[in-house]
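Note that these values count all heavy atoms, side chains included, but never hydrogens, waters or copies made by symmetry.
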Amino acid sequence: MTSVPSRRESNLELARVLAMSAIMLHHFLIHALRLQEIDGALYLNLNMFVFFGVDVFFLITGFFGIRLSLVRVVKFIVLIAFFDAVNVAMTLAAGEHLGAMCLLQLVAFPVSHSRYWFMQVYLLVMLMSPFLNASLAQMRLPALRSAVFLLSCAMWYSCTIGHNCSGYGASFILGLYLYIVGAWLRRDIDLFSRWSARRYFLLALAILVIALVPLNACILLDFYGKGGILNYTGVFMTLASCAILLGCARLSFRSALVNRLGFASVGCYLLQDGIFGHTVLYAWQNRLFHECGSMTLVIGQFVVVFLLFWLLSWPLTAIARRLGDLASRLIPARLASRFTFS
């Protein structure tokens with residue numbers, strides 16, 4: 001079994017775990033409970049506290065940076081393809097039928113025809129990373145601060161007031177923007193070292209609580225469709241996500257358990273939100289929600305599924321990584337070297 005690299009930073013692995021856990025909770029609210037169809041206001045208020053997962057994920061990516069290589073791309077595609085296969089196997093085992101065209105598309109296009117929209121965005125950001133890294137390296141810190149400020153203002157206006165965003169508030173530009181912000185946070189880390197982790201976590205909570213005021217005003221005025229207070233690239237979610245990442249960055253500890261969970265975090269998401277989730281799992285959870293009459297039982301089954309996916313994702317991720325290693329060895333050394341970027 002592939003071991004977890006010892007170089008992992010437990011504090012930032014904790015940020016990964018928080019991000020993926022929040023994403024899973026968001027999917028439970030929107031896909032399993034379908035709470036937005038029952039009580040839209042309650043759904044939006046609850047979702048405010050779990051919507052930060054995607055932002056934190058991309059911020060971490062920028063914080064560490066991506067070193068693009070053909071080997072890395074192959075490993076990433078193998079990871080997605082492996083979990084596509086796991087999802088197909090679980091779906092068929094549950095008695096659901098998958099058409100030949102669906103299976104053919106997954107084999108031929110494992111990333112673009114998967115359910116994982118932000119993995120698709122991540123791949124595009126990965127391919128753009130040499131240009132981003134070169135540009136960021138050339139900028140002096142004051143210039144980088146100014147550029148991040150102007151870009152943030154444009155994003156916040158566009159997504160919160162200008163309504164210039166996709167239905168998810170999620171796109172390629174989201175990934176690029178948060179990658180740049182994450183890179184700036186890492187480079188300017190001395191600026192943020194004055195506060196403790198506790199202060200940053202409290203700041204994140206305060207931002208999300210304060211955001212409930214304009215959010216509920218938009219709900220009462222029937223303005224939410226034009227607004228976007230609850231948006232991946234809105235001002236509140238971006239600032240809260242930055243505070244969460246900085247809070248984790250200010251922690252100092254080592255934990256083998258957290259490292260293992262961080263190692264398995266992407267796999268946990270790929271297990272939940274693939275074909276199996278959208279074909280079998282969410283429908284089953286929704287039926288249970290409507291038929292059992294006990295919210296305790298509904299929450300209990302979510303906790304069981306949540307823990308089970310975390311438990312399964314670690315060995316499955318290790319297998320997928322091993323398969324990626326094997327696939328990458330098939331790449332000729334000259335070709336691998338030619339397509340490796342700093």
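- The CE atom of M119 sits 11.0 Å away from atom CZ of F83, with the distance rounded to the nearest 0.5 Å.
- The same ILVMFWY cluster, assembled from side-chain heavy atoms under 4.5 Å apart, contains both I299 and L297.
- With hydrogens and angles disregarded, no donor-acceptor distance shorter than 3.5 Å links the side chain of T238 to the backbone of V235.
- Between V56 and A15, the closest heavy-atom pair is CG1-O, 3.8 Å.
- Between Y282 and H278, the angle of the ring planes goes over 60°, which puts this pair in the perpendicular group of the 30/60° scheme.
- Counting Ile, Leu, Val, Met, Phe, Trp and Tyr side chains that sit under 4.5 Å apart, directly or through other members, L103 shares a hydrophobic cluster with V88, L92, L98, L106, I275.
- Applying the side chain to side chain contact (heavy atoms under 4.5 Å, CB included) criterion to L14, with sequence neighbours excluded, gives L18, C248, L251, F253, V258.
- Contact record, A264 with T317: CA-OG1, 3.9 Å, taken as the closest heavy-atom pair.
- Cluster membership check: V209 does not share its hydrophobic cluster with V213, using side-chain heavy-atom separations under 4.5 Å among Ile, Leu, Val, Met, Phe, Trp and Tyr.
- V74 pairs by the side chain to side chain contact (heavy atoms under 4.5 Å, CB included) definition with L70, V78, A327, I331, not counting sequence neighbours.
- Classified by interplanar angle (parallel below 30°, tilted 30° to 60°, perpendicular above 60°), the ring pair F302/F306 is tilted.
- Side-chain heavy atoms closer than 4.5 Å link hydrophobic residues (I, L, V, M, F, W, Y) into clusters, and following such links, possibly through other members, connects V73 to F172.
- Under 3.5 Å, the side chains of S10 and N259 contain a donor-acceptor pair of N or O atoms.
- For T279 (side chain) and F276 (main-chain N/O), no donor-acceptor pair under 3.5 Å exists by modelled atom type.
- Here the side chain of R186 pairs no donor or acceptor atom with the backbone of F64 at under 3.5 angstrom.
- Between Y179 and F58, the distance from one ring center to the other does not fall under 6.0 angstrom.
- Within the structure, the ring pair (Phe, Tyr, Trp, His ring centres under 6.0 Å) test picks out the following pairs touching residues 189-220 (sequence neighbours left out): W184-F192, W195-Y200.
- L150 and L191 fall into different hydrophobic clusters, defined by Ile, Leu, Val, Met, Phe, Trp and Tyr side-chain heavy atoms under 4.5 Å apart, directly or through other members.
- Between L42 and the options I38, D39, L44, a side-chain contact (heavy atoms from CB on, under 4.5 Å) holds for only D39.
- The line from CG of D188 to CZ of R145 is 4.0 Å long, rounded to the nearest 0.5 Å.
- When every heavy atom of F263 is checked against every heavy atom of E13, the shortest pair comes out as N-OE1, 3.9 Å.
- Aromatic ring centres of F57 and Y122: separated by under 6.0 Å.
- In terms of heavy atoms, P110 sits closest to I77 at CG-CG2, 3.8 Å.
- When the side chain to side chain contact (heavy atoms under 4.5 Å, CB included) test is applied to I207, the partners found at least two apart in sequence or on another chain are L203, F236, L239, A240.
- Between Y269 and F118, the distance separating the two ring centers is shorter than 6.0 angstrom.
- Of all heavy-atom pairs between R187 and L136, the closest is NH1-O, 2.8 Å.
- Residues satisfying the side-chain hydrogen bond (donor to acceptor under 3.5 Å, both in side chains) test with Q120, not counting sequence neighbours, are none.
- Considering all non-hydrogen atoms of both residues, I244 and A204 come closest at CG1-CB, 3.6 Å.
- One hydrophobic cluster holds both V303 and F289 under the rule that ILVMFWY side chains link at heavy-atom gaps under 4.5 Å.
- When only modelled atom types and interatomic distance are considered, Y177 and S152 share a side-chain donor-acceptor pair under 3.5 Å.
- A donor-acceptor pair under 3.5 Å is absent between the side-chain atoms of R260 and the main chain of W314, judged by distance alone.
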